[in-house]
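These notes are about the structure you will find just below.
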Amino acid sequence: MSDTSNQSEGLGNGLAEDTSFELPPERKVVFYNDDFTTMDFVVDVLISVFNKSHDEAENIMLQVHENGSSVVGVYTYDIAISRTNLTIQLARKNNFPLRVEVE
């Protein structure tokens with residue numbers, strides 16, 4: 001049987017419990033305006049890939065259209081890359097040149 005008197009010092013196995021951790025760095029996903037990708041396609045992608053509400057998706061699409069680009073969201077690196085790649089695949093499948101980058 002193990003001695004439980006040392007549990008106040010850690011996990012009871014002689015190792016101190018390390019509860020500190022760092023959150024992974026976050027990255028911005030940015031959409032850029034072009035003259036070919038339809039507004040409806042951008043809204044659909046923002047809803048289906050980025051889980052935006054319809055109103056939020058329309059507002060982001062208008063920012064892209066009016067300002068030339070807009071941050072769609074801020075995600076951990078892996079999620080940002082995954083959603084960016086999926087968006088580019090969908091755009092190419094639908095013959096749109098939509099430019100999406102992770103910053």
Side-chain angles (χ1 to χ4, degrees):
M1 245 45 213
S2 68
D3 180 14
T4 58
S5 64
N6 67 350
Q7 285 186 349
S8 63
E9 296 172 15
L11 296 174
N13 57 9
L15 300 174
E17 182 177 359
D18 183 11
T19 59
S20 65
F21 61 91
E22 289 185 33
L23 294 174
E26 294 188 327
R27 305 297 169 109
K28 296 176 187 175
V29 175
V30 181
F31 277 29
Y32 292 89
N33 191 42
D34 64 69
D35 293 333
F36 302 101
T37 306
T38 64
M39 293 179 177
D40 288 338
F41 178 79
V42 172
V43 169
D44 289 344
V45 166
L46 290 170
I47 292 169
S48 64
V49 175
F50 292 90
N51 302 314
K52 303 295 182 184
S53 69
H54 191 269
D55 289 341
E56 193 176 10
E58 282 189 345
N59 287 334
I60 293 169
M61 177 273 299
L62 289 172
Q63 288 176 357
V64 172
H65 180 69
E66 294 170 0
N67 301 326
S69 67
S70 180
V71 173
V72 172
V74 179
Y75 307 95
T76 61
Y77 178 79
D78 290 341
I79 292 172
I81 290 293
S82 177
R83 292 184 184 189
T84 296
N85 289 339
L86 179 56
T87 300
I88 292 169
Q89 288 174 356
L90 289 170
R92 299 308 175 265
K93 182 178 178 181
N94 288 280
N95 297 314
F96 293 124
L98 179 62
R99 185 172 142 215
V100 184
E101 292 184 359
V102 175
E103 295 183 351

Acceptor/donor pairs from residues 40-52 side chains to any protein atom, 3.5 angstrom cut, sequence neighbours excluded:
{"residue": "Ser48", "atom": "OG", "partner": "Asp44", "partner atom": "O", "Å": "2.9"}
{"residue": "Lys52", "atom": "NZ", "partner": "Val72", "partner atom": "O", "Å": "3.1"}

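With values rounded to the nearest 0.5 angstrom, Met61 atom CE is found 9.5 Å from Thr38 atom OG1.
Closest approach of Ala80 to Tyr75, counting heavy atoms only: N-CB, 3.8 Å. Across Val64 and Asn33, no two heavy atoms sit closer than the pair O-CB, 3.3 Å.
Within the structure, no pair that satisfies the salt bridge (charged side-chain N to carboxylate O under 4.0 Å, His left out) test touches residues 78-96, not counting sequence neighbours. For residues 55-67, the side chain to side chain donor-acceptor pair (under 3.5 Å) pairs, not counting sequence neighbours, are Gln63-Ser70. Within the structure, salt bridge (charged side-chain N to carboxylate O under 4.0 Å, His left out) contacts touching residues 94-103 (residues at least two apart or in different chains) are Arg99-Glu101. Residues in residues 23-34 take part in no salt bridge (charged side-chain N to carboxylate O under 4.0 Å, His left out) pair, two or more places apart or across chains.
Looking at heavy atoms from C-beta onward, Val71 lies out of side-chain contact with Val29 at the 4.5 angstrom threshold.
Under the 4.5 Å side-chain contact rule for hydrophobic residues, Leu98 and Val30 do not share a cluster. Both Phe31 and Met39 are part of a single hydrophobic cluster, where members link through side-chain heavy atoms under 4.5 Å apart.
For Ile81, the side chain to side chain contact (heavy atoms under 4.5 Å, CB included) criterion is met by Tyr77, Asn85, Val102, not counting sequence neighbours.
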